[in-house]
Each structure stands twice: as structure tokens, then as C-alpha cells.
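Right, one structure below, let's go through it.
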Amino acid sequence: MKVGAVYDTVYLEHDTGEHTENRQRLEAIVLRLKETGLWERLVHIVPRPATFEELRRVHSERHIRYVRDLADSGGGQIDADTVVSLHSYEAALYAAGGVESAVEAVTDGEVASAFALVRPPGHHATRDQAMGFCLFNNVAVAAAHALDKYKLERVLILDFDVHHGNGTQDIFADEPRVNYISVHQSPLYPGSGNMEERGAGNIFNVPLPPGCGDGEYAGVYDEIVMPLGRRFNPQLILVSAGFDAYWSDDIASMCLSTSGYSQITHRIKALAQECCGGKVVFSLEGGYNLEALAGSVEAVFGVLLGNEKIEDSLGGCPPMEKPPDIAPLMVRLKKSFGLS
Ligand SMILES: [Zn+2]
């Protein structure tokens, strides 16, 4: 079972200084994969830059030129969270293009599945705006590529980053060939992602209260994500893979462990095998605790490679005084999504 990985040092050139989203994230992941011997078991896919026309499928011309011109002028802040440096435009082109390269490798059958280890991340970038550490929406560019180049009619985007992917929702809200399912913490940045936001009936938001861990996520996948996925029957699955729902990640208040990420990956892999010959492409979004990030990405690759037992070297979430009860929410979600 060949598993692809996209990586290039160009992703380190998006220089955000002391920012939470910095080059050390990718360096920690690559180091871990090399230390554990996983690196040499992967098929390394060389990323290419996305073309202007490919970006234009999901972004306005004004937005693309804004990011390019800001980088060309030496960089600056787009908003309080989002930084552009001299080489950020180039890195962002390769981030979007890298996910496209992964889609090409999976669709052409060179690898069974792939994970694009890219930055800057993408899922907050809307059609017309960079925000939340994101410049271009990598997963959206890749989904549009799958629709346009490969003439696919059903692409599923799963988003398990702890934040709602408002940008992906914005871009595909009127595109029934794409289904978007996001499981995220609410309330939390960027404030969107209510279950009432349904787009053209193709948007499915699962807003979870703080404190949800491996058990809650497994239930959400078994009872909501997997049934929705089967119903849509995608030809390709893209995953906005953020690891900031990890219990020790300070940016949010969820309780996933590396075992939890393994369980989620097992389910996504099974869904892909059921629906589309296993074709799934993961794309890195958030995850800011370096140890947790490296361990969780290692766990995802382990599952994709078919390892039965994934070690949880960092331990699970410390027990909570009052764990959240999401049963009533699950009932409402299933009703709203026509699953019950
Ligand atoms: Zn996030």
C-alpha cells in the first residue's frame, strides 16, 4: 500500500517570526517521521506551484494580487493573526499546488493515499480574504482541481481541525459537487459553523462544546460523518487535517489524543475504501503543540500505512470533572441532516 507525502523546504520560507504558526511545526513533523523510520517508507511527491488560473477557480483576482503584491513589497500583517513575508506568496503557491500534486498522485494511481505537509494552512481563506493564518485555501484549490481536471462529480471535504473552516464553506456553499463536513469546537474562532449553515444542502457543521475527546469524536464519526459520507458516496476525499483539538494544544479546549486521531483516520480510511477505492488526501491545517503535532501526524501516517498498533507516547487527556454530554446535540444534528 503506497502512501504519499508532500513536503518541500519552500514551506519553511513563509516566515512568521514568533507567530504560533511557524516553520518549527513542519520541522518537528519531518524530524519525527525520520526518527521513527516512517519517512523512508513513504513515496515522496514533489510539489508544484498552483497556477494563477488554478487559484482563480476559488479565489478572486483581487485577493491573489493582494497577497502577491504584499509579499513582493517585503510583507506585512494582513490582520492581527495573519502574516505575509517576502517569500510567503511563493510558499502559498506551493502549498495549494502541493495538495493538487497529492490529488494527482492519488487520482492517477501512483499512491493509494497521501498527506500534504504544507504551510501556510488554508481552510480559513475565503474567496476574497486571507485570515486565520491562511492565505490561499489549499484544500479548496485541490477540490476545484479534482472537479475541473479530473471531471469528478462528488468530492468530499472532511475537516477535523478544531476551528471551523469558514473559508472552505464560503467557497463551496453553492457547489453541490462538493460536500463539506466540519467537526469543530464552538464557540471558538472564527465564530461560524452553526448547524443551521447548510449552503446548498451540501454543508454539514458539527459544532461541539469544549472538552470533547476520543469517545465523543468516535461517536460523531460513527453516527454522523460516516453515514453522511456513505450517502454522498464521494469519488475522492480531501481532509483538512488540523491537530489543534489535541488535549494539550493551548489554542483550543478539546481533549483528543494521538489514539483519537488514529481512530478518526481509521474511519476516514474505511470510508474511502468503501466509496472510492481508498482515494484520500490529507492536508495539514492547524496544530500548535509541537510534540502533539508530530505525534499525531505520525499516527495518521501509521494508519495509512496499515500499522495495526499505534503507540500513544504522550498519554491521554487528563480526566475532567464534568465531561460534556453531547447526546442531545447528536439527536438534533442527525434530525437536521436527515439521518434519523
Ligand atoms: Zn485550527
Side-chain angles (χ1 to χ4, degrees), residues 11 14 16 19-26 28-29 78-83 92 95-96 99 115-126 129-140 142 157-171 180-194 197 203-213 216-217 220-221 225 238-258 260-261 264-265 268 282-297 299-300 317:
Y11 301 132
H14 170 52
T16 55
H19 196 286
T20 312
E21 197 295 295
N22 58 57
R23 61 181 281 162
Q24 293 172 21
R25 299 176 60 237
L26 279 185
I29 291 170
I78 288 183
D79 60 25
D81 300 318
T82 314
V83 185
V99 188
F115 196 155
L117 302 170
V118 300
R119 60 182 288 276
H123 75 154
H124 293 306
T126 69
Q129 184 159 6
M131 60 182 278
F133 318 165
C134 303
L135 301 180
F136 301 133
N137 195 314
N138 308 320
V139 157
I157 301 176
L158 299 178
D159 190 332
F160 61 68
D161 188 280
V162 80
H163 302 95
H164 178 237
N166 61 297
T168 312
Q169 175 173 303
D170 170 72
I171 288 165
Y180 175 65
I181 308 175
S182 176
V183 181
H184 49 270
Q185 181 183 318
S186 176
L188 191 67
Y189 180 90
S192 53
N194 297 324
E197 298 162 24
I203 305 292
F204 302 91
N205 286 312
V206 180
L208 295 177
C212 290
E216 285 80 13
Y217 272 81
V220 164
Y221 269 75
V225 177
L238 302 179
V239 183
S240 268
F243 299 91
D244 38 11
Y246 193 90
W247 63 268
S248 64
D249 196 310
D250 292 331
I251 207 164
S253 314
M254 289 308 211
C255 286
L256 276 177
S257 68
T258 52
Y261 283 112
I264 291 171
T265 308
I268 293 173
F282 288 71
S283 178
L284 185 67
E285 300 284 0
Y288 306 101
N289 179 305
L290 297 183
E291 268 288 297
L293 174 63
S296 301
V297 171
V300 170
C317 187

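Nothing fancy with the numbering, it's 1 onward along the sequence. Remember, it's 1-based here, ligands and their atoms both numbered in the order they're listed.
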Checklist line | Pairs satisfying salt bridge (charged side-chain N to carboxylate O under 4.0 Å, His left out), at least one member in residues 158-168, at least two apart | finding: none
Notebook entry, point to check: In His163, what N, O or S atom is nearest to the Zn ion (ligand 1), if we give its atom name?
Noted result: ND1
Next item on the list: Could you pull out the atom name of the N/O/S atom in Asp244 that is nearest the Zn ion (ligand 1)?
Entry: OD2
Item checked: For the Zn ion (ligand 1): the N/O/S atom of Asp161 at shortest distance -> OD1
Check: Judged by atom type as modelled, is there a donor-acceptor pair below 3.5 Å linking the side chain of Asp244 to the main-chain atoms of Val162?
Finding: yes
Check: Phe133 and ring-ring contact (aromatic ring centres under 6.0 Å, His included): which partner among His124, His14, His19?
Finding: His19
Next item on the list: Compare all side-chain heavy atoms of Leu284 with those of Phe115 and state whether any distance is below 4.5 angstrom.
Entry: yes
